[in-house]
**Q** 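Dropping the structure in here first, questions after.
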Amino acid sequence: MKTRHFLLALLAGATLLATAGQAAAQQQRPIRLVVPYAAGGPIDVTARMLAERVKDSLGTVIIDNKPGAGGNIGADIVAKAAPDGLTIGIAATATHAVNPWLYSKIPFNAATDFAPITQMVRVPNVLVMNAETAQRLKINSVADLIRYAKANPAKLNYGSGGNGSAGHLAGELFKKQAGIFALHIPYNGGNPAQLALLSGQVDFNFDNLATAAPNIRSGKLKAIAVTTLQRSSAMPELPPVADTLKGFSIDTWWGLVAPAGTPHDVVVKLNQAFVAALNAPETKTRFATLLAEPVANSPEQFGAFMKSELSKYEAVVKATGARVD
């Protein structure tokens, strides 16, 4: 009898140890952070910065780049992942505010398939021209650009990172509000679009300030205006497009989301870790080199922001008539 009790107790102890071991193993599993764009861009760089800073509180965070379909492929992976906090991803202007209105078929619901964690970044966009082109055409302001376009119909063109990108929508909205025409030339990503501008293949672009800044500083690109409603602290000398075209505003932002249904306590834990990382002085310093402003907020605040952006871009996309498929 004593032997039987001993064996049962031994078995129970082994079961408890196994369960504890499984729980520990679960906790030690790395978190996958899906970036729906290629490595090397501003979104990827900031994601990697934060992954490094949260490793003490969350453990290893592995960046998984899943580019394609304007970010839809990576976003869909997050939407369909298990809601256990081990797969999270980037939500960006394109994936969660623009693409739902650009694509006739999209594999996820931006409004319901995600649990917001926190916004990460806000980056002003900037209207830039090839510096030599601007000098040759005597364009130094938004008003100059509009005046030239009206006096020379169909002579201007602009590039973007692709149909439906922020640069595309900004360009179409600019044309509509200014009452001008400029041919849109889509490229496969922001970097090829900028190279086309630098080489003079296109006349102007709407690019994010982080990407354009090095070439602005070197004098290869001429910055005309920012697309935020107010001046940017990164380049306070630049006026907003809205000074000339009232209400014009298209910003670039991105943040973190988990699959819908992720337990609230898990979302809170993720939020606390990433907010602490965003508020660290070292993060702010490193983001400043990208001309990116950290934005740390609550899941509720980020969710409300994404909802308002989704509504805003519905009107923008419909006004421009832009479609991808």
**Q** Tell me, do Thr93 and Asp251 make a side-chain contact under 4.5 Å, heavy atoms counted?
**A** no
**Q** Applying side chain to side chain donor-acceptor pair (under 3.5 Å) to Thr95 and Trp254, what does each step give before you reach the verdict?
**A** CA-CA 9 Å; Thr95 57; Trp254 56 92; over 6 Å; no
**Q** Should we count NZ of Lys312 as having more than 12 external heavy atoms under 6.0 Å?
**A** yes
**Q** Show, in sequence, the C-alpha distance, side-chain angles and deciding distance for Lys284 and Glu293, and conclude whether the salt bridge (charged side-chain N to carboxylate O under 4.0 Å, His left out) test is met.
**A** CA-CA 7 Å; Lys284 293 181 178 180; Glu293 175 189 345; over 6 Å; no
**Q** Compute whether any side-chain donor of one residue and acceptor of the other, for Thr133 and Asp203, lie under 3.5 angstrom apart.
**A** no
**Q** Would you say Ile250 and Val98 are hydrophobically clustered, going by side-chain heavy atoms of ILVMFWY under 4.5 Å?
**A** yes
**Q** Flag yes if more than 12 heavy atoms outside Lys175 fall under 6.0 Å of its NZ atom; otherwise flag no.
**A** yes
**Q** Can Val35 be reached from Leu86 by stepping across I, L, V, M, F, W or Y side chains whose heavy atoms are under 4.5 Å apart?
**A** yes
**Q** Got a sec: does the CD of Gln135 have more than 12 other heavy atoms crowding it under 6.0 Å?
**A** no
**Q** For the backbone of Leu197 and the side chain of Asn205, can you confirm whether one donor and one acceptor N or O come within less than 3.5 Å of each other?
**A** no
**Q** Is there a donor-acceptor contact under 3.5 Å from the side chain of Arg122 to the main chain of Trp253?
**A** no
**Q** Are Val295 and Ile43 co-members of a hydrophobic cluster defined by side-chain heavy atoms under 4.5 Å apart?
**A** no
**Q** Could you grab the distance from atom CZ of Arg29 to atom CD1 of Ile31, nearest 0.5 Å is fine?
**A** 10.5 Å
**Q** With a 4.5 Å heavy-atom cut-off, do Ser160 and His184 have their side chains touching?
**A** yes
**Q** Nearest 0.5 angstrom please: Leu256 CG to Ile117 CD1, how far?
**A** 5.5 Å
**Q** For Asn99 and Gly70, indicate whether the former's side chain and the latter's backbone hold a donor-acceptor pair under 3.5 Å.
**A** yes
**Q** Rounded to the nearest 0.5 Å, how far does CG of Asn157 lie from CZ of Phe181?
**A** 9.5 Å
**Q** So do Ile146 and Thr244 actually touch side chain to side chain, heavy atoms under 4.5 Å?
**A** yes
**Q** Treating Asn130 as the side-chain partner and Glu132 as the backbone partner, does any N or O pair qualify as donor plus acceptor under 3.5 Å?
**A** yes
**Q** Does Asn72 reach the main-chain N or O of Ala69 with its side chain, forming a donor-acceptor pair under 3.5 Å?
**A** yes
**Q** Has the side chain of Asn208 got a donor or acceptor atom that lies under 3.5 Å from a matching backbone atom of Thr211?
**A** yes
**Q** Ring-plane angle category for Tyr158 and Phe204, please: parallel below 30°, perpendicular beyond 60°, tilted otherwise.
**A** parallel
**Q** To the closest 0.5 Å, what do you measure between CG (Asp243) and CD (Gln230)?
**A** 9.5 Å
**Q** May I ask you to check whether Phe174 and Phe206 place their ring centres under 6.0 Å from each other?
**A** yes
**Q** Kindly indicate whether the side chain of Val142, heavy atoms from C-beta on, has any atom under 4.5 Å from the side chain of Asp144.
**A** no
**Q** Side-chain contact test, heavy atoms from C-beta onward, threshold under 4.5 Å: evaluate it for Gln194 versus Asp207 and give yes or no.
**A** yes
**Q** Is it true that a side-chain atom of Asn297 and a backbone atom of Gln119 form a donor plus acceptor pair closer than 3.5 Å?
**A** yes
**Q** Is a side-chain N or O of Asn125 found less than 3.5 angstrom from the main chain of Thr227, in a donor-acceptor match?
**A** no
**Q** In Å, rounded to the nearest 0.5 Å, how long is the span from NE2 of His96 to CG of Asn109?
**A** 9.5 Å
**Q** Hey, does Leu183 have a side-chain heavy atom less than 4.5 Å from the side chain of Leu156?
**A** no
**Q** Which residue pairs pass the side-chain hydrogen bond (donor to acceptor under 3.5 Å, both in side chains) test when at least one of the two sits in residues 262-281, sequence neighbours left out?
**A** none
**Q** For atom CZ of Arg231, is the number of surrounding heavy atoms from other residues, nucleotides or ligands below 6.0 Å larger than 12?
**A** yes
**Q** Can you find a heavy atom in the side chain of Val128 that is under 4.5 Å from one in the side chain of Ile224?
**A** no
**Q** Applying the 4.5 Å side-chain criterion to the ILVMFWY set and letting contacts propagate, would Leu127 and Phe248 be lumped into a single cluster?
**A** yes
**Q** Cluster question for you: counting only ILVMFWY and a side-chain heavy-atom cut-off of under 4.5 Å, with indirect links fine, are Ile139 and Leu245 together?
**A** yes
**Q** Is the side chain of Lys80 donor-acceptor paired with the backbone N or O of Pro107 at a distance under 3.5 Å, no angle test?
**A** yes
**Q** Report the distance from atom CD1 of Ile180 to atom OH of Tyr148, rounding to the nearest 0.5 Å.
**A** 11.5 Å
**Q** Quick one: does Pro240's side chain get under 4.5 Å of Leu229's, heavy atoms only?
**A** no
**Q** Between Arg48 and Glu52, does at least one N-O distance fall below 4.0 Å, as a salt bridge requires?
**A** no
**Q** Taking atom CG as the centre, does Asn152 end up with more than 12 heavy-atom neighbours from other residues, nucleotides or ligands that are less than 6.0 angstrom away?
**A** yes
**Q** Just by distance, do the side chain of Trp101 and the backbone of Leu310 share a donor-acceptor pair under 3.5 Å?
**A** yes
